*Asks:* 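First, the structure itself, so that you have it in front of you.
First the proteins, then the strands, lettered A, B, ... as listed; each starts at 1. Note that the coordinates shown come from a computational prediction; the quantities given were computed from them, not determined experimentally.
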Amino acid sequence: MAKDFQTREENYAQWYNDLVIKADLAENSAVRGCMVIKPYGYAIWEKMQSVLDKMFKDTGHVNAYFPLFIPKSFFSKEAAHVEGFAKECAVVTHYRLKNSPDGKGVVVDEDAKLEEELIIRPTSETIIWDTYKNWIQSYRDLPLLINQWANVVRWEMRTRLFLRTTEFLWQEGHTAHSTKEEAIEETEKILNIYTKFAEEWMAVPVLQGIKSPNERFAGAVETYCIEALMQDGKALQCGTSHFLGQNFAKAFDVKFLSKENKLEYVWATSWGVSTRLMGALIMAHSDDHGLVLPPKLAPIQVVIIPIYRKEEQLKQVSEVAQKIKKSLEEKGISVKYDDRDTYKPGWKFSEYEFKGVPVRLAIGPRDLENNTVEVARRDTLEKEILQIADIENKIEHLLEQIQKKLYHRALSFRENNTYAVDTWDEFKDVIENKGGFVLAHWDGTAETEEKIKDETKATIRTIPLDSKKEEGKCIFTGNPSKQRVVFAKAY
RNA sequence: CGGGGUGUAGCGCAGCCAGGUUAGCGCGCGUCGUUCGGGACGACGAGGUCGGGAGUUCGAAUCUCCCCACCCCGACCA
């Protein structure tokens, strides 16, 4: 194996790219920075979507859809927001093409210039708050709990499949509340949903915390985040939930009459996770043999491969395989029976291995004689022969085990790669030579964070919510600090 | 936008410096046969505006000039 894979050790970045391509998740498109998400990759995203969508709906949110285009003037209404996004906006300036005068193709028709340019949304706060203005008059209209599934465009200079693409898919929630407390509660509620999803479905342990001012969302009062550690020791931001205060309400003049008959600005939140989660999923669990998927998000949880020589044998094997498939499906397990005769068993073993299918069953003539089946699990690459009787319960249990195993493996990796350091030399050494999360004291100033970044490339990934208060001295300036924050190099 | 590099079959590459018949190799693809419990093997076969344009030359993938595209490194970022 691994004959056409770079290993993680050899070249982590290359390993990741090879994996995405070889596992048939996505590929680069003809458009620079934009990817084609292939059916197998999209199936994983669809699973993520359906789980998250249910979680949002269970907590009272509803879906809606807002336009792809945003008038340029909307953008300039919230100062910090424009500032943050201006440098990466795609702009529509014309609405028509015409035949080129030289007869070669088409050119932009200069006569079809838009009065006001349209921005392709990098995020939808502005168009949404401009709309909410008309929807909200009274405290009776609140809270407004809306989510949208959409594509957005951010003109990044360097892109990587799933981790950073010019266009990406995501969900963005935008809520409006009558009190500050309720909005903060919403922000935290969503953070907990994201955490639960990451840990219980993706099997990726995450740190919950808030962002330093430098890393805060443009236009937010506070940005909460979940942060995961990848196998190369770099951090990946997996989701953000923003408390927007009254910034957008003021910018778009969204007021409501309270019970006390007073006119007040609305309190807001916004929150999102994107196809970047695919990157986290891939990098958290996969190995040098290919993708490893947690059963709860695997499009195919169990694959059955027949071993046979003659047609007659295939017929007998198929009968047993179909029976097993059916009994597994009755348990809600997704099963693929791959009886294509255009590929050999060995080839199929490899294919499903690098596609990360959690469990593989092989059934051949020997099994027919003994009423057995060969069971191979992807996470540990272990194989065993099991009796067919009661196979559906055994497999169901095995899938649960794999899900847990992946989470705990990722968790212990994170624990083994988290370091508390108290001196600047130690800090530089760990960041440079080991990677991982580094817990260190920081004096709380943006200047210090900036200087640390310039010298080491490490940034504050998060200020953990659950960390103990602890007096200490900033590793860089020696100024007093009240708690440790999490530093790392990040994606 | 700076610095480096690459464009030759679906993919990965050789050929270019020292110009010369029908432009090669590996993988993949097609047909047939033998195979089938960890990426099978053999035989035959299909597949090319050599990134584009102009020039030098009897002759250009190869030399010259211009253009284009893409990749890597840096500044920006979910």
Side-chain angles (χ1 to χ4, degrees), chain A residues 1-5 11 13-14 17-18 21-22 27-33 83-89 104 121-123 150-160 162-172 194 211 214-218 220 223 225-228 235-242 270-280 289-290 304-311 313-314 317 339-355 360-370 372-376 381 383 385 453-454 457 459 461 490-491:
Chain A
M1 189 55 225
K3 72 176 178 188
D4 38 22
F5 267 109
N11 186 341
Q14 192 62 46
N17 282 334
D18 289 351
I21 305 289
K22 279 288 282 179
E27 63 187 34
N28 284 308
S29 71
V31 186
R32 181 193 163 82
E83 169 84 28
F85 284 103
K87 283 170 285 181
E88 49 187 30
C89 287
K104 293 176 187 165
R121 63 180 167 218
T123 179
N151 57 338
V152 287
V153 167
R154 296 183 188 176
W155 214 264
E156 304 290 352
M157 304 185 194
R158 275 181 66 93
T159 59
R160 291 192 65 191
F162 290 118
L163 297 172
R164 177 169 301 106
T165 46
T166 300
E167 179 191 16
F168 58 93
L169 306 183
W170 77 347
Q171 59 69 216
E172 48 179 326
Y194 287 161
K211 285 293 186 189
N214 277 357
E215 301 278 326
R216 195 180 283 155
F217 176 74
T223 287
C225 63
I226 53 171
E227 204 77 21
L236 184 70
Q237 178 174 305
C238 291
T240 48
S241 181
H242 315 291
S270 70
W271 28 275
V273 294
S274 72
T275 36
R276 170 180 266 194
L277 287 180
M278 294 286 294
H289 299 268
I304 306 176
I305 296 169
I307 314 289
Y308 62 95
R309 280 178 177 229
K310 305 174 212 115
E311 273 306 302
Q313 274 176 345
L314 174 61
V317 169
D339 62 349
R340 286 176 298 177
D341 62 359
T342 45
Y343 294 93
K344 296 182 55 189
W347 193 93
K348 294 177 188 173
F349 289 0
S350 295
E351 182 183 33
Y352 293 107
E353 191 163 284
F354 63 64
K355 285 186 148 186
R360 182 192 75 224
L361 305 183
I363 306 171
R366 281 209 301 272
D367 297 301
L368 293 183
E369 281 176 31
N370 305 322
T372 56
V373 54
E374 184 194 81
V375 180
L381 298 170
K383 289 193 279 197
I385 307 288
K453 184 182 179 184
D454 288 345
K457 298 240 172 102
T459 50
R461 299 323 305 152
Y491 273 95

*Asks:* Closest nucleotide of RNA chain B for A:Gly33 versus for A:Glu215: which of these residues is on the 5' side?
*Replies:* A:Gly33
*Asks:* For A:Lys383, enumerate each residue passing the side chain to side chain contact (heavy atoms under 4.5 Å, CB included) test, keeping only those at least two apart in sequence or located in another chain.
*Replies:* A:Arg360, A:Glu374, A:Ala376
*Asks:* With P as the reference atom in both, quote the distance from B:U62 to B:C50 in angstrom, rounded to an integer.
*Replies:* 10 Å
*Asks:* Whole angstroms only, please: what is the OH-P distance between A:Tyr343 and B:G28?
*Replies:* 11 Å
*Asks:* Any idea which of B:A78, B:A40, B:G74 is nearest the A:Lys457 side chain?
*Replies:* B:G74
*Asks:* Could you verify whether a donor N or O on one side chain and an acceptor N or O on the other, from A:Thr123 and A:Arg121, lie under 3.5 Å apart?
*Replies:* no
*Asks:* Mind checking whether A:Trp271 and A:Tyr194 have parallel, tilted or perpendicular rings, split at 30° and 60°?
*Replies:* perpendicular
*Asks:* Counting just side-chain N and O atoms, does A:Lys87 come under 4.0 Å of either OP1 or OP2 of B:C76?
*Replies:* no
*Asks:* Judged by each residue's nearest nucleotide on RNA chain B, which is more toward the 5′ side, A:Arg366 or A:Gln237?
*Replies:* A:Arg366
*Asks:* When both hydrogen-bonding distances must be under 3.5 Å and the geometry is Watson-Crick or G-U wobble, what is B:G20 paired with, if anything?
*Replies:* B:C58
*Asks:* Can you check the A:Asn11 CG to B:C72 P distance for me, whole Å?
*Replies:* 11 Å
*Asks:* Suppose we call two aromatic rings close when their centres sit under 6.0 Å apart. Are A:Phe349 and A:Tyr343 close by that rule?
*Replies:* no
*Asks:* Taking the C1' atom in each of B:G12 and B:G33, what is the distance between them to the nearest angstrom?
*Replies:* 30 Å
*Asks:* CH2 of A:Trp347 versus P of B:C29: gap in Å, rounded?
*Replies:* 8 Å
*Asks:* For B:A14, which nucleotide in any strand shown is its Watson-Crick or wobble partner with both distances under 3.5 Å?
*Replies:* none
*Asks:* Paired with B:C65: which nucleotide, if any, by Watson-Crick or G-U wobble criteria at under 3.5 Å for both distances?
*Replies:* B:G53
*Asks:* Can you find an N or O donor on one side and an acceptor on the other, under 3.5 Å apart, linking the side chain of A:Glu353 with the base of B:G38?
*Replies:* yes
*Asks:* By nearest atom, which of the nucleotides B:A78, B:G37, B:G74 is closest to the A:Ile307 side chain?
*Replies:* B:G37
*Asks:* Could you check whether A:Thr165 gets within reach of a base, just the sugar-phosphate, or nothing at all, counting any heavy atom under 4.0 Å?
*Replies:* base
*Asks:* For nucleotides B:U35 and B:C71, find the distance between their P atoms and express it as a whole number of Å.
*Replies:* 48 Å
*Asks:* Name the nucleic acid region contacted by A:Asp341, choosing base, sugar-phosphate or nothing; use a 4.0 angstrom heavy-atom cut-off, strictly under.
*Replies:* nothing
*Asks:* Is there a side chain to side chain contact (heavy atoms under 4.5 Å, CB included) between A:Ile307 and A:Val317 once you walk through the steps?
*Replies:* CA-CA 8 Å; A:Ile307 314 289; A:Val317 169; over 6 Å; no
*Asks:* Would you say a side-chain N or O of A:Arg309 is under 4.0 Å from OP1 or OP2 of B:C36?
*Replies:* yes
*Asks:* How long is the line joining CD of A:Glu227 and P of B:A78, in whole Å?
*Replies:* 10 Å
*Asks:* Name the closest nucleotide to the A:Ser350 side chain, picking from B:G39, B:C76, B:C36.
*Replies:* B:G39
*Asks:* Whole-Å distance between B:G39 P and A:Lys22 NZ?
*Replies:* 14 Å
*Asks:* Considering only heavy atoms and no angle criterion, is a donor-acceptor pair shorter than 3.5 Å present between the side chain of A:Lys383 and the base of B:G38?
*Replies:* yes
*Asks:* Taking atom types as they are modelled, would you say the side chain of A:Arg360 forms a donor-acceptor pair with the base of B:G38 within the 3.5 Å cutoff?
*Replies:* yes
*Asks:* Can you tell me how far P in B:C76 sits from the matching atom in B:A40, rounded to whole Å?
*Replies:* 48 Å
*Asks:* According to the 5.5 Å centroid and 30° plane-angle thresholds, does A:Trp170 stack upon the nucleobase of B:A78?
*Replies:* no
*Asks:* Distance check, P atoms only: B:A9 and B:C67, in whole angstrom units.
*Replies:* 25 Å
*Asks:* Taking the side chain of A:Arg32 as heavy atoms from C-beta outward, which of B:C36, B:C70, B:C76 is closest to it?
*Replies:* B:C70
*Asks:* A:Glu311 CD to B:U35 C1': how many Å, rounded?
*Replies:* 14 Å
*Asks:* Under a 3.5 Å distance rule, please check whether A:Asn17 uses its side chain to pair with a backbone N or O of A:Gln14 as donor and acceptor.
*Replies:* no
*Asks:* Within this structure, what is the CE-to-C1' distance between A:Met157 and B:C1, rounded to whole angstrom?
*Replies:* 8 Å
*Asks:* Between B:C76, B:G39, B:G37, which one does the side chain of A:Phe354 approach most closely?
*Replies:* B:G39
*Asks:* Select base, sugar-phosphate, or nothing to describe what A:Phe168 touches, counting heavy atoms under 4.0 Å on all strands.
*Replies:* base
*Asks:* So does A:Glu351 pair up with A:Arg340, basic N to acidic O under 4.0 Å?
*Replies:* yes
*Asks:* Checking base pairs now: Watson-Crick or wobble, both atom distances under 3.5 Å. What partners B:C36?
*Replies:* none
*Asks:* May I ask which nucleotide in the shown strands pairs with B:G30, Watson-Crick or G-U wobble, both distances under 3.5 Å?
*Replies:* B:C44
*Asks:* Distance between the C1' atoms of B:A61 and B:G7, in whole angstroms?
*Replies:* 12 Å
*Asks:* Counting Watson-Crick and G-U wobble pairs only, both distances under 3.5 Å, name the nucleotide matched with B:C70, or none.
*Replies:* B:G5
*Asks:* Sticking with atom P, work out how far B:U49 lies from B:A43, rounded to a whole angstrom.
*Replies:* 29 Å
*Asks:* Between atom CZ in A:Phe349 and atom C1' in B:G37, what is the gap in whole Å?
*Replies:* 6 Å
*Asks:* So which heavy atom on A:Gly279 is nearest to which on A:Leu236, and how close?
*Replies:* C-CD2, 4.4 Å
*Asks:* Using atom P in both nucleotides, what's the gap between B:C65 and B:G45 to the nearest angstrom?
*Replies:* 43 Å
